Number of protein chains: 2
Amino acid sequence: MKNNIKNLRATFNLTQGDLANRIEVSRQTINAIEKGKFDPSLPTAFRLAAVFRCTIEELFVYEP
Amino acid sequence: MKNNIKNLRATFNLTQGDLANRIEVSRQTINAIEKGKFDPSLPTAFRLAAVFRCTIEELFVYEP
DNA sequence: TCTCAATGTAAAGCTTGCTTTACATTTGAA
DNA sequence: TTCAAATGTAAAGCAAGCTTTACATTGAGA
């Protein structure tokens, strides 16, 4: 699963820590998701999409 | 997190077992998701949306 | 009514998402 | 150049997603 978080984060001028605070996860979680270490849970994906005012489909690219 | 899986499954004439096979999870997983026992992972949500040809946002309603 | 498919549910166990703590590396602004 | 903020990473531990096995309940058609 790929994602556009790093780019969007830059567009919105947010640090990993800022974003983490906004969606109430740890900074390490944001880092891990950006780095592709693991996929977020569905609730976390919804909160991320809400911050960037986009759909989950625009934020994440599913790869079988 | 609420979801419309049960309705859509009826519309598409699929049993829980059918749907489970389609997205390669166990029947119990489908049952648990329908019953709200837990939220699916993001990959599982993507596969569910693909079966019903809808978006994740149409399939799941996030509740903080 | 009988019966078989579909659904509900439970327990044990594995994997993954996420946390906290902690430290190293990179980067950019003064 | 230096120093602080931002990022990267790692380990241990808890919580959630999912599996397998197994059995009970519901429901609809013969």
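No experiment lies behind these values; they were computed from the predicted model shown. Because only heavy atoms are used, hydrogens play no part in the values below, and waters and symmetry mates are left out as well, while side chains stay in. The chains referred to below are lettered A, B, ... by the order of the sequence lines, with proteins before strands, and numbering in each begins at 1.
Phosphate proximity of dA6(C) to R9(B): absent, as no side-chain N or O sits under 4.0 Å from OP1 or OP2. Proximity of Q16(B) to the phosphate of dA5(C): no side-chain N or O atom is located under 4.0 Å from OP1 or OP2. The shortest distance between the side-chain N/O atoms of K35(A) and the OP1/OP2 oxygens of dA10(D) is not below 4.0 Å. The phosphate of dG8(D) (OP1 or OP2) has a side-chain N or O of N31(A) nearer than 4.0 angstrom.
In this structure, CG of N13(A) is placed 11 Å from P of dA6(D), rounded to the nearest angstrom. A straight line from CZ of F46(A) to C1' of dG17(C) spans 17 Å, rounded to a whole angstrom. Nucleotide dA5(C) holds its C1' atom 14 Å from the CG atom of N21(B), rounded to whole Å. In this structure, E34(A) atom CD and dC18(C) atom C1' are separated by 16 Å, rounded to whole Å. Rounded to a whole Å, the CG atom of L19(A) is 15 Å from the C1' atom of dC18(C).
What you find for E34(A) and K6(A) is that their closest heavy atoms are OE2-CA, 3.7 Å. In terms of heavy-atom proximity, V25(A) sits nearest to R47(A) at CG1-NH1, 4.1 Å.
Between the side chain of N3(B) and the backbone N or O of I33(B) there is at least one donor-acceptor pair closer than 3.5 Å. Side-chain N or O atoms of N31(B) include none that pairs as donor or acceptor with a backbone N or O of Q28(B) at under 3.5 Å.
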Worked check of side-chain contact (heavy atoms from CB on, under 4.5 Å) between I23(B) and T29(B): CA-CA 11 Å; I23(B) 69 169; T29(B) 291; over 6 Å; no
Heavy-atom protein contacts under 4.0 Å, nucleotides 14-30 of chain D, coded B base, S sugar-phosphate only, - none: ---SBBBBB--------
